[in-house]
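Working notes, beginning with the structure itself.
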Amino acid sequence: MGMYRKLMYSLMEGNDRDINRKELAEIIGADPTQVSCFFNYKNQLPFASWLLAIRKLRPAEESKYVDIIAEMMINDADRLGCRQLMEYASTNRNFSLLEKLINSQKDDYRENIQWARLYSIAMKYQQRTASNEEILAELDMFKATYSETIVFCNILKASTLYMLGEYKYMFRMAKLAEDQIKHIKNNYIADMYMARLSELFARGYLYLKNEPKLARFYGNMVLNSRYLSESYKTHVYHLMGTTYVFDDYDQSISYFNSYKDALKGGGREDLARGVDELDIFFLKVLWEVPVHENDTNDPLEKMHYYARLGERTKFESLVKEALPEDDPFALCYIGMINNDPEYLLHSIARFVELGNKFFAELPLREIQRMYNGHYYLDLAADIISNIKIA
């Protein structure tokens, strides 16, 4: 335990002054007595406490300190620490660390053996080294007997069912896992599993059920997670921006900009440029905020722009490039420029077929604008409301 104390003291050293034990207790959300016992060799701090301390005191060196702690916990056979570390490595996509942890636990105590087996399946899912069908078959055969492994197995099943397009079963499995999380006593694992599940719910409620308010509720649960890494949260900013696309321009563009900044912070300048050319360009055209056609190179976004302006010649030059027979956005834009309800209805049906009731709102709103009070509007609304994707 002396190595742990030395490591913590190194974390507490500051440029101007050192952090004291009371301040450390506040940082990690622990009772001062627990911290005092740690420094007096009477207990060990869980990995979750170390993580909070690192992120507050040495955020730029998180990877370095986690690797040190992982090595110590593996060598000391800290079973709880290794279980928490497996979840940390998985959500951070640190597969080298995850594999090391799995190998260290696969012949250990039976609970940790179960965790190691389950996280090896999770790693296959994340790395796409097995098909979704193969992963689901493995999960169905997996015999989970601990509250944490039962929940995580069901979360993985729900995620795999989403990928397979089995949306109704996905929601059932996710709801079951949500109910089971209350049986998990470890705060770190409960928080992380709820964050994983919340991301799945956010996507499901947005795209499958067209319930953006519920999607925001679950999206905020991910963003407010105490332990989840910022890298995991990155794409949730995009999802949150999408929930506001039809409702609030300022909120939507704010989240898209946060998404773009997070991508830049992670060195993904290429994806950040895509946010400008796709998401933000689309949003500005939708809300009639001035843009220039050269602000994007994407043919679909240009079709949207030209359709709003009624520039038929430029629009038609892009039709073949955008493959309108398959893409619901292209079908919508063709319906817009031609005032053709058949294309708009086809667009709605195609969005629903692809599991995206949220963006089926786009052609529906065009029908509302063009044919308010017409039977086309009733037909379009019927397609969206009566077809149950999930």
Identify the heavy atoms of Leu200 and Ala174 that sit nearest to each other, and give their distance.
CD2-CB, 4.5 Å
Has Arg350 got a side-chain atom pairing as donor or acceptor with Asp326's backbone, closer than 3.5 angstrom?
yes
If two hydrophobic side chains count as joined below 4.5 Å and joins carry through other members, does Leu45 share a cluster with Ile74?
yes
Find out whether the Lys NZ or Arg CZ of Arg308 is both under 6.0 angstrom from the six-membered ring centre of Tyr305 and within 45° of the ring's axis.
no
Would you say the ring centers of Phe329 and Phe359 fall short of 6.0 Å from each other?
yes
Of all heavy-atom pairs linking Asp247 and Pro212, the shortest is OD2-CG, 4.4 Å
Kindly assign one of parallel, tilted or perpendicular to the pair His304 and Phe282, based on the angle between their ring planes and the thresholds 30° and 60°.
tilted
Could you give the side-chain donor-acceptor pairs of residues 136-145 under 3.5 Å, partners two or more places apart or in another chain?
from	atom 1	to	atom 2	distance (Å)
Glu138	OE1	Lys124	NZ	3.4
Glu138	OE2	Lys124	NZ	2.9
Thr145	OG1	Gln114	NE2	2.9

NZ/NE/NH1/NH2 to OD/OE distance under 4.0 Å, Glu62 and Arg55:
yes
Parallel, tilted or perpendicular: which one describes the rings of Trp115 and Tyr119, with boundaries at 30° and 60°?
parallel
Using the six-membered ring wherever Trp is involved, compare the ring planes of Trp50 and Phe38 and label them parallel, tilted or perpendicular (cut-offs 30° and 60°).
perpendicular
Short side-chain donor-acceptor distance under 3.5 Å, Gln84 and Asn186
yes
Taking the side chain from Arg58 and the backbone from Ser10, do they hold a donor-acceptor pair closer than 3.5 Å?
yes
Between the main-chain N or O of Thr33 and the side-chain N or O of Asp31, is there a donor-acceptor pair closer than 3.5 Å?
yes
Are Phe358 and Phe246 an aromatic pair by the rule of ring centers under 6.0 Å?
yes
Answer yes when Arg273 and Asp270 have at least one side-chain N-carboxylate O distance shorter than 4.0 Å, and no when they do not.
no
Are Tyr259 and Tyr237 near enough that their ring centres are under 6.0 Å apart?
no
Can you see whether Tyr193 engages Glu148 through a side-chain donor-acceptor pair at a distance of less than 3.5 angstrom?
no
Answer with yes or no whether the side chains of Gln180 and Asn154 bring together a donor and an acceptor at under 3.5 Å.
yes
Kindly say whether the aromatic ring centers of Tyr205 and Phe171 come within a distance under 6.0 Å.
yes
If every non-hydrogen atom of Met336 is compared with every non-hydrogen atom of Ala307, which pair is closest and at what distance?
CE-CB, 4.1 Å
Under-4.0 Å salt bridge between Arg21 and Glu26:
no
Donor-acceptor side-chain pairing of Thr160 and Asn132 below 3.5 angstrom
no
How are the rings of Phe256 and His238 set to each other: parallel, tilted or perpendicular (split at 30° and 60°)?
tilted
Can you give the donor-acceptor pairs under 3.5 Å from side chains of residues 93-100 to other protein atoms, not counting sequence neighbours?
from	atom 1	to	atom 2	distance (Å)
Arg93	NH2	Gln126	O	3.3
Asn94	OD1	Ser96	OG	3.1
Asn94	OD1	Leu97	N	3.2
Lys100	NZ	Glu71	OE1	2.3

Without swapping roles, check the side chain of Ser36 against the backbone of Pro32 for a donor-acceptor pair under 3.5 Å.
no
So is Lys302 actually on top of Phe281's ring, under 6.0 Å and inside 45° of the axis?
no
So, for Arg79 and Asn112, which heavy atoms are closest and what is the spacing to 0.1 Å?
O-ND2, 3.2 Å
Within this structure, what is the SG-CZ distance for the pair Cys332 and Arg365, rounded to the nearest 0.5 Å?
12.0 Å
Among Asp191, Ile150, Val151, find the one that has a side chain to side chain contact (heavy atoms under 4.5 Å, CB included) with Ile184.
Val151
Side chains of Asp295 and Asp276: does their closest heavy-atom pair fall under 4.5 Å?
no
Please determine, by modelled atom types, if Tyr306 and Glu316 share a side-chain donor-acceptor pair under 3.5 angstrom.
no
Side-chain donor-acceptor pair present, Gln44, Asp78, cut-off under 3.5 Å
no
In one Ile/Leu/Val/Met/Phe/Trp/Tyr side-chain cluster, 4.5 Å: Leu309, Ile334
yes
Say whether Asn338 and Arg312, considering side chains only, have a donor N or O and an acceptor N or O under 3.5 Å apart.
yes
Residue pair Arg196, Glu87: steps toward the salt bridge (charged side-chain N to carboxylate O under 4.0 Å, His left out) verdict
CA-CA 11 Å; Arg196 284 180 180 263; Glu87 174 60 10; 2.8 Å; yes
How close do Leu85 and Ala70 get, counting heavy atoms only, and between which atoms?
CD1-CA, 3.6 Å
What heavy-atom pair brings Ile181 and Leu197 nearest, and what distance separates the two atoms?
CD1-CD2, 4.0 Å
